[in-house]
Protein chains: 2
Amino acid sequence: MKQYHCPVELTLDVVGGRWRVLILAHLKQGPLRYGQLRRLIPDVSEKMLTQRLRELEADGLVLRDATHEPELRTDYRLSPEGETLAPVLQGLYDWGLARAERTGVVVTPPGD
Amino acid sequence: MKQYHCPVELTLDVVGGRWRVLILAHLKQGPLRYGQLRRLIPDVSEKMLTQRLRELEADGLVLRDATHEPELRTDYRLSPEGETLAPVLQGLYDWGLARAERTGVVVTPPGD
DNA sequence: CAGAATCCGACAAGATACTG
DNA sequence: CAGTATCTTGTCGGATTCTG
(Lines give C-alpha, C1' and ligand atoms only; values in the text may rest on other atoms or scores of the structure.)
Protein backbone atom coordinates (compact mmCIF):
# COMPACT_ATOMS: atom_id res chain seq x y z
CA MET A 1 0.00 0.00 0.00
CA LYS A 2 1.37 3.29 -1.05
CA GLN A 3 0.81 6.57 0.71
CA TYR A 4 -0.14 9.53 -1.40
CA HIS A 5 0.46 12.97 -0.02
CA CYS A 6 -0.52 14.87 -3.13
CA PRO A 7 -2.85 14.08 -6.03
CA VAL A 8 -0.01 14.69 -8.44
CA GLU A 9 1.68 11.56 -7.16
CA LEU A 10 -1.27 9.53 -8.32
CA THR A 11 -1.02 10.94 -11.79
CA LEU A 12 2.68 10.23 -11.79
CA ASP A 13 2.08 6.61 -10.96
CA VAL A 14 0.13 6.32 -14.17
CA VAL A 15 1.92 8.56 -16.60
CA GLY A 16 5.33 8.54 -14.93
CA GLY A 17 8.45 7.04 -16.37
CA ARG A 18 9.97 7.65 -19.71
CA TRP A 19 7.58 5.89 -22.06
CA ARG A 20 4.05 5.84 -20.72
CA VAL A 21 3.20 9.43 -21.48
CA LEU A 22 4.68 9.09 -24.93
CA ILE A 23 2.60 6.02 -25.69
CA LEU A 24 -0.54 7.68 -24.41
CA ALA A 25 0.14 10.84 -26.35
CA HIS A 26 0.33 8.90 -29.58
CA LEU A 27 -2.72 6.79 -28.84
CA LYS A 28 -4.62 9.96 -28.18
CA GLN A 29 -4.54 10.55 -31.94
CA GLY A 30 -6.33 7.29 -32.52
CA PRO A 31 -5.81 3.51 -32.38
CA LEU A 32 -2.40 2.22 -33.35
CA ARG A 33 -0.83 -1.13 -33.95
CA TYR A 34 2.20 -2.38 -32.12
CA GLY A 35 4.52 -1.80 -35.04
CA GLN A 36 3.21 1.67 -35.62
CA LEU A 37 3.92 2.62 -32.06
CA ARG A 38 7.44 1.32 -32.45
CA ARG A 39 8.00 3.53 -35.44
CA LEU A 40 6.47 6.56 -33.75
CA ILE A 41 8.68 6.05 -30.71
CA PRO A 42 11.89 4.96 -32.37
CA ASP A 43 13.95 4.88 -29.20
CA VAL A 44 11.81 2.43 -27.29
CA SER A 45 12.85 -1.19 -27.18
CA GLU A 46 10.31 -3.94 -27.82
CA LYS A 47 10.61 -5.02 -24.25
CA MET A 48 9.82 -1.60 -22.86
CA LEU A 49 6.97 -1.01 -25.27
CA THR A 50 5.33 -4.30 -24.41
CA GLN A 51 5.93 -3.86 -20.72
CA ARG A 52 4.51 -0.35 -20.59
CA LEU A 53 1.52 -1.33 -22.72
CA ARG A 54 0.71 -4.15 -20.33
CA GLU A 55 0.89 -1.80 -17.39
CA LEU A 56 -1.31 0.77 -19.07
CA GLU A 57 -3.76 -2.01 -19.80
CA ALA A 58 -3.70 -3.13 -16.19
CA ASP A 59 -4.29 0.43 -15.09
CA GLY A 60 -7.34 0.57 -17.32
CA LEU A 61 -6.07 3.34 -19.55
CA VAL A 62 -5.48 1.38 -22.70
CA LEU A 63 -7.52 -1.26 -24.48
CA ARG A 64 -6.08 -3.96 -26.62
CA ASP A 65 -7.74 -6.00 -29.30
CA ALA A 66 -5.84 -8.69 -31.06
CA THR A 67 -6.89 -10.80 -34.00
CA HIS A 68 -5.16 -13.73 -35.58
CA GLU A 69 -7.21 -13.74 -38.75
CA PRO A 70 -6.32 -13.37 -41.42
CA GLU A 71 -3.05 -12.60 -39.67
CA LEU A 72 -1.63 -11.55 -36.35
CA ARG A 73 -2.59 -7.99 -35.66
CA THR A 74 -3.07 -6.00 -32.50
CA ASP A 75 -4.62 -2.61 -32.01
CA TYR A 76 -4.16 -0.42 -28.99
CA ARG A 77 -6.35 2.50 -28.13
CA LEU A 78 -7.28 4.67 -25.17
CA SER A 79 -10.03 3.41 -22.93
CA PRO A 80 -12.70 5.87 -21.75
CA GLU A 81 -10.63 6.31 -18.63
CA GLY A 82 -7.61 6.94 -20.79
CA GLU A 83 -9.51 9.55 -22.75
CA THR A 84 -9.92 11.58 -19.59
CA LEU A 85 -6.17 12.13 -19.77
CA ALA A 86 -6.46 13.93 -23.07
CA PRO A 87 -6.27 17.48 -21.65
CA VAL A 88 -3.24 16.54 -19.60
CA LEU A 89 -1.50 15.02 -22.59
CA GLN A 90 -2.37 18.01 -24.68
CA GLY A 91 -0.93 20.28 -22.02
CA LEU A 92 2.33 18.36 -21.97
CA TYR A 93 2.49 18.50 -25.73
CA ASP A 94 1.76 22.20 -26.00
CA TRP A 95 4.23 23.16 -23.35
CA GLY A 96 6.95 21.08 -24.95
CA LEU A 97 6.29 22.73 -28.27
CA ALA A 98 6.40 26.23 -26.83
CA ARG A 99 9.52 25.41 -24.86
CA ALA A 100 11.17 24.09 -27.99
CA GLU A 101 10.54 27.38 -29.72
CA ARG A 102 11.79 29.41 -26.79
CA THR A 103 14.98 27.42 -26.47
CA GLY A 104 15.58 26.80 -30.15
CA VAL A 105 15.44 23.04 -29.86
CA VAL A 106 14.42 21.11 -32.94
CA VAL A 107 11.87 18.33 -32.79
CA THR A 108 12.32 15.76 -35.52
CA PRO A 109 9.20 13.74 -36.25
CA PRO A 110 9.96 10.10 -37.07
CA GLY A 111 8.64 10.61 -40.56
CA ASP A 112 10.93 8.09 -42.21
CA MET B 1 22.81 16.20 -28.26
CA LYS B 2 19.52 14.54 -27.83
CA GLN B 3 17.03 13.82 -30.55
CA TYR B 4 13.44 14.72 -29.88
CA HIS B 5 10.76 13.03 -31.90
CA CYS B 6 7.81 14.48 -30.05
CA PRO B 7 7.34 17.69 -28.06
CA VAL B 8 6.19 15.65 -25.10
CA GLU B 9 9.73 14.34 -24.70
CA LEU B 10 10.93 17.86 -24.11
CA THR B 11 8.42 18.40 -21.37
CA LEU B 12 9.44 15.11 -19.83
CA ASP B 13 13.06 16.18 -19.72
CA VAL B 14 12.02 19.03 -17.50
CA VAL B 15 9.26 17.64 -15.35
CA GLY B 16 10.20 13.98 -15.62
CA GLY B 17 11.39 11.82 -12.80
CA ARG B 18 9.74 11.26 -9.52
CA TRP B 19 10.34 14.53 -7.74
CA ARG B 20 10.52 17.45 -10.12
CA VAL B 21 6.83 17.68 -10.84
CA LEU B 22 6.05 17.39 -7.18
CA ILE B 23 8.40 20.20 -6.29
CA LEU B 24 7.02 22.41 -9.03
CA ALA B 25 3.43 21.66 -8.07
CA HIS B 26 4.08 22.86 -4.55
CA LEU B 27 6.00 25.93 -5.63
CA LYS B 28 3.11 26.83 -7.87
CA GLN B 29 1.20 27.74 -4.70
CA GLY B 30 3.81 30.29 -3.80
CA PRO B 31 7.41 30.58 -2.58
CA LEU B 32 8.57 27.97 -0.12
CA ARG B 33 11.60 27.41 1.99
CA TYR B 34 13.74 24.32 1.86
CA GLY B 35 12.37 22.91 5.07
CA GLN B 36 8.81 23.55 4.05
CA LEU B 37 9.33 21.61 0.85
CA ARG B 38 10.75 18.74 2.84
CA ARG B 39 7.65 18.62 4.99
CA LEU B 40 5.33 18.86 2.01
CA ILE B 41 7.13 16.02 0.27
CA PRO B 42 7.88 13.75 3.21
CA ASP B 43 9.32 10.91 1.15
CA VAL B 44 12.05 12.87 -0.54
CA SER B 45 15.54 12.65 0.86
CA GLU B 46 17.57 15.79 1.42
CA LYS B 47 19.94 14.74 -1.28
CA MET B 48 17.20 14.32 -3.86
CA LEU B 49 15.50 17.55 -2.93
CA THR B 50 18.70 19.54 -3.23
CA GLN B 51 19.71 17.81 -6.43
CA ARG B 52 16.36 18.33 -8.13
CA LEU B 53 16.18 21.96 -7.00
CA ARG B 54 19.59 22.60 -8.53
CA GLU B 55 18.49 21.05 -11.79
CA LEU B 56 15.29 23.04 -11.89
CA GLU B 57 17.34 26.14 -11.25
CA ALA B 58 19.71 25.25 -14.07
CA ASP B 59 16.74 24.69 -16.36
CA GLY B 60 15.49 28.15 -15.52
CA LEU B 61 12.25 27.05 -13.94
CA VAL B 62 12.99 27.86 -10.34
CA LEU B 63 14.55 30.87 -8.68
CA ARG B 64 16.39 30.77 -5.45
CA ASP B 65 17.11 33.57 -3.04
CA ALA B 66 19.10 32.95 0.05
CA THR B 67 19.84 35.27 2.92
CA HIS B 68 22.12 34.79 5.86
CA GLU B 69 20.75 37.62 7.88
CA PRO B 70 19.54 37.55 10.42
CA GLU B 71 19.78 33.83 9.85
CA LEU B 72 20.19 31.26 7.13
CA ARG B 73 17.08 31.16 5.03
CA THR B 74 16.38 30.22 1.46
CA ASP B 75 13.28 30.74 -0.61
CA TYR B 76 12.45 28.91 -3.78
CA ARG B 77 9.85 30.05 -6.24
CA LEU B 78 8.84 29.56 -9.85
CA SER B 79 10.55 31.74 -12.41
CA PRO B 80 8.44 33.33 -15.14
CA GLU B 81 9.37 30.39 -17.32
CA GLY B 82 8.30 28.09 -14.52
CA GLU B 83 4.99 29.88 -14.26
CA THR B 84 4.19 28.89 -17.82
CA LEU B 85 3.99 25.36 -16.50
CA ALA B 86 1.10 26.23 -14.23
CA PRO B 87 -1.67 24.87 -16.47
CA VAL B 88 0.21 21.62 -16.93
CA LEU B 89 0.75 21.24 -13.21
CA GLN B 90 -2.86 22.05 -12.56
CA GLY B 91 -3.89 19.42 -15.09
CA LEU B 92 -1.78 16.78 -13.39
CA TYR B 93 -3.23 17.74 -10.04
CA ASP B 94 -6.83 17.72 -11.18
CA TRP B 95 -6.56 14.42 -12.95
CA GLY B 96 -4.93 12.79 -9.94
CA LEU B 97 -7.70 14.08 -7.74
CA ALA B 98 -10.44 12.81 -10.04
CA ARG B 99 -8.68 9.49 -10.43
CA ALA B 100 -8.41 9.17 -6.68
CA GLU B 101 -12.14 9.59 -6.37
CA ARG B 102 -12.88 7.13 -9.14
CA THR B 103 -10.61 4.48 -7.70
CA GLY B 104 -11.29 5.14 -4.05
CA VAL B 105 -7.70 5.95 -3.23
CA VAL B 106 -7.10 8.21 -0.29
CA VAL B 107 -4.71 11.12 -0.48
CA THR B 108 -3.26 12.03 2.88
CA PRO B 109 -1.95 15.56 3.06
CA PRO B 110 1.22 15.77 5.13
CA GLY B 111 -0.60 17.83 7.66
CA ASP B 112 0.55 15.80 10.62
C1' DC C 1 3.82 -9.23 -37.03
C1' DA C 2 3.57 -9.13 -32.14
C1' DG C 3 5.46 -10.56 -28.69
C1' DA C 4 8.23 -13.50 -24.42
C1' DA C 5 12.51 -14.56 -21.80
C1' DT C 6 16.94 -13.71 -20.04
C1' DC C 7 20.95 -11.20 -18.86
C1' DC C 8 23.22 -7.07 -17.67
C1' DG C 9 24.65 -2.14 -17.01
C1' DA C 10 23.56 2.63 -15.75
C1' DC C 11 21.60 5.76 -13.21
C1' DA C 12 17.99 7.26 -9.91
C1' DA C 13 17.24 7.14 -5.44
C1' DG C 14 17.88 5.87 -0.30
C1' DA C 15 20.64 5.94 4.13
C1' DT C 16 23.71 7.99 6.85
C1' DA C 17 26.95 11.20 8.56
C1' DC C 18 28.90 15.73 8.55
C1' DT C 19 29.04 21.24 7.98
C1' DG C 20 28.54 26.67 8.02
C1' DC D 1 18.24 25.89 8.98
C1' DA D 2 19.98 24.53 4.59
C1' DG D 3 22.64 22.11 2.81
C1' DT D 4 27.21 18.55 1.21
C1' DA D 5 29.61 14.05 0.85
C1' DT D 6 29.89 9.20 0.47
C1' DC D 7 28.29 4.72 0.04
C1' DT D 8 24.88 1.36 -1.22
C1' DT D 9 20.75 -0.38 -3.35
C1' DG D 10 16.94 -0.85 -6.57
C1' DT D 11 14.66 0.02 -10.59
C1' DC D 12 14.58 1.26 -15.39
C1' DG D 13 15.85 0.29 -19.55
C1' DG D 14 19.05 -1.85 -23.42
C1' DA D 15 20.70 -5.95 -26.08
C1' DT D 16 19.93 -10.23 -27.59
C1' DT D 17 17.68 -14.43 -28.59
C1' DC D 18 13.54 -17.13 -29.35
C1' DT D 19 8.38 -18.12 -30.65
C1' DG D 20 3.23 -18.72 -32.59
Side-chain angles (χ1 to χ4, degrees), chain A residues 1-6 8-9 11-24 26-27 31-59 62-77 110, chain B residues 2-6 8-9 11-24 26-27 30-59 62-77 110:
Chain A
M1 297 292 120
K2 189 176 171 183
Q3 273 271 54
Y4 295 98
H5 303 283
C6 173
V8 172
E9 295 182 81
T11 309
L12 249 56
D13 266 4
V14 169
V15 303
R18 181 160 174 212
W19 305 115
R20 279 194 267 257
V21 152
L22 235 40
I23 295 171
L24 291 168
H26 285 295
L27 290 181
L32 288 171
R33 296 177 47 197
Y34 183 83
Q36 294 181 299
L37 275 169
R38 281 227 62 186
R39 279 186 292 281
L40 288 170
I41 314 175
D43 292 339
V44 76
S45 67
E46 298 189 347
K47 173 187 162 187
M48 283 301 112
L49 183 53
T50 303
Q51 209 167 96
R52 296 292 97 84
L53 281 169
R54 295 286 171 278
E55 293 169 359
L56 290 170
E57 229 191 313
D59 286 342
V62 162
L63 297 177
R64 179 189 132 98
D65 21 47
T67 49
H68 289 263
E69 326 170 4
E71 8 175 293
L72 186 48
R73 177 191 189 91
T74 311
D75 275 294
Y76 293 94
R77 59 195 166 90
Chain B
K2 189 176 172 184
Q3 273 270 56
Y4 295 98
H5 303 283
C6 173
V8 173
E9 296 183 79
T11 309
L12 249 57
D13 266 5
V14 168
V15 303
R18 181 160 174 210
W19 304 116
R20 278 195 268 258
V21 151
L22 235 39
I23 295 170
L24 291 168
H26 285 294
L27 289 181
L32 288 171
R33 295 173 50 193
Y34 183 84
Q36 294 181 298
L37 275 170
R38 281 227 61 187
R39 279 186 291 281
L40 289 170
I41 313 175
D43 292 339
V44 76
S45 66
E46 298 189 347
K47 173 187 161 188
M48 283 300 113
L49 183 54
T50 303
Q51 210 167 94
R52 297 292 95 86
L53 281 169
R54 294 286 170 278
E55 292 169 0
L56 290 170
E57 229 191 312
D59 286 341
V62 163
L63 298 176
R64 179 190 132 98
D65 23 47
T67 50
H68 289 263
E69 326 167 6
E71 6 174 296
L72 185 48
R73 179 192 188 90
T74 311
D75 276 294
Y76 292 95
R77 60 196 165 89

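Just so it is clear, the structure is predicted and the values come from calculations on it, not from any experiment. In what follows, chains are A, B, ... by sequence order, proteins preceding strands, each numbered from 1. Quick note: numbers below take in every heavy atom, side chains included, and nothing from hydrogens, waters or symmetry partners.
Closest to the side chain of B/M48, out of C/dA2, D/dG3, C/dA13, is C/dA13. Closest approach to the B/R18 side chain among D/dC1, C/dA2, C/dG14 is made by C/dG14 (side chain taken as heavy atoms from C-beta onward). Proximity note for B/E46 (side chain, C-beta onward) versus C/dA2, C/dG3, D/dT4: the nearest is D/dT4. Of the candidates D/dG20, C/dA13, C/dG20, C/dA13 carries the atom nearest the B/R52 side chain, counting heavy atoms from C-beta on. Closest to the side chain of B/L72, out of D/dC1, D/dG3, C/dA2, is D/dC1.
The backbone N or O of A/G16 sits less than 3.5 Å from a side-chain atom of A/R20, completing a donor-acceptor pair. Here the side chain of B/R38 pairs a donor or acceptor atom with the backbone of B/V44 at under 3.5 angstrom.
Across the protein-nucleic acid pair, B/Q51 atom CD and D/dC7 atom C1' stand 14 Å apart, rounded to whole Å. Rounding to whole angstrom units, CG of residue B/L49 and C1' of C/dG14 are separated by 14 Å. For B/E71 and C/dT19, the CD to C1' distance is 18 Å, given to the nearest whole Å. Atoms OH (B/Y34) and P (D/dC1) sit 11 Å apart, rounded to a whole Å. Summarising the geometry, the separation between CG on B/L12 and C1' on D/dG13 is reported as 15 Å, rounded to the nearest angstrom. Whole-Å rounding puts the B/Q36 CD to D/dA2 C1' distance at 13 Å. Rounded to whole Å, atom P of C/dA12 lies 8 Å from atom CD of B/E55. C/dA5 atom C1' lies 14 Å from atom CZ of A/R54, rounded to whole Å.
Within the 4.5 Å cutoff, the side chain of B/D75 has no heavy atoms near those of the B/Y34 side chain. Inter-residue side-chain proximity for B/L27 and B/Y76 is flagged as met; some heavy-atom pair is nearer than 4.5 Å. Taking the side chain as every heavy atom from C-beta outward, B/D43 and A/H5 approach each other to under 4.5 Å.
Remark: the B/K47 side chain and the D/dG3 base include no donor-acceptor N/O pair separated by less than 3.5 Å.
Annotation for B/Q3 and B/E9: closest pair O-OE1, 4.2 Å, computed over non-hydrogen atoms. When all heavy atoms of A/V15 and A/V21 are compared, the pair lying nearest together is O-CG2, 3.0 Å.
With sequence neighbours excluded, no residue forms a side-chain hydrogen bond (donor to acceptor under 3.5 Å, both in side chains) with B/D59.
For D/dG3, one of the phosphate oxygens OP1 or OP2 lies less than 4.0 angstrom from a side-chain nitrogen or oxygen of B/T74. Close to C/dG3, at under 4.0 Å from its OP1 or OP2, lies a side-chain N or O of A/R64. Checking the phosphate oxygens (OP1, OP2) of D/dA2, no side-chain nitrogen or oxygen of B/R73 falls inside 4.0 Å. Contact annotation: A/Y76 side-chain N/O to C/dG3 OP1/OP2 distance is under 4.0 Å.
Of the residues in residues 38-45 of chain B, not one places a heavy atom less than 4.0 Å from an atom of DNA chain D.
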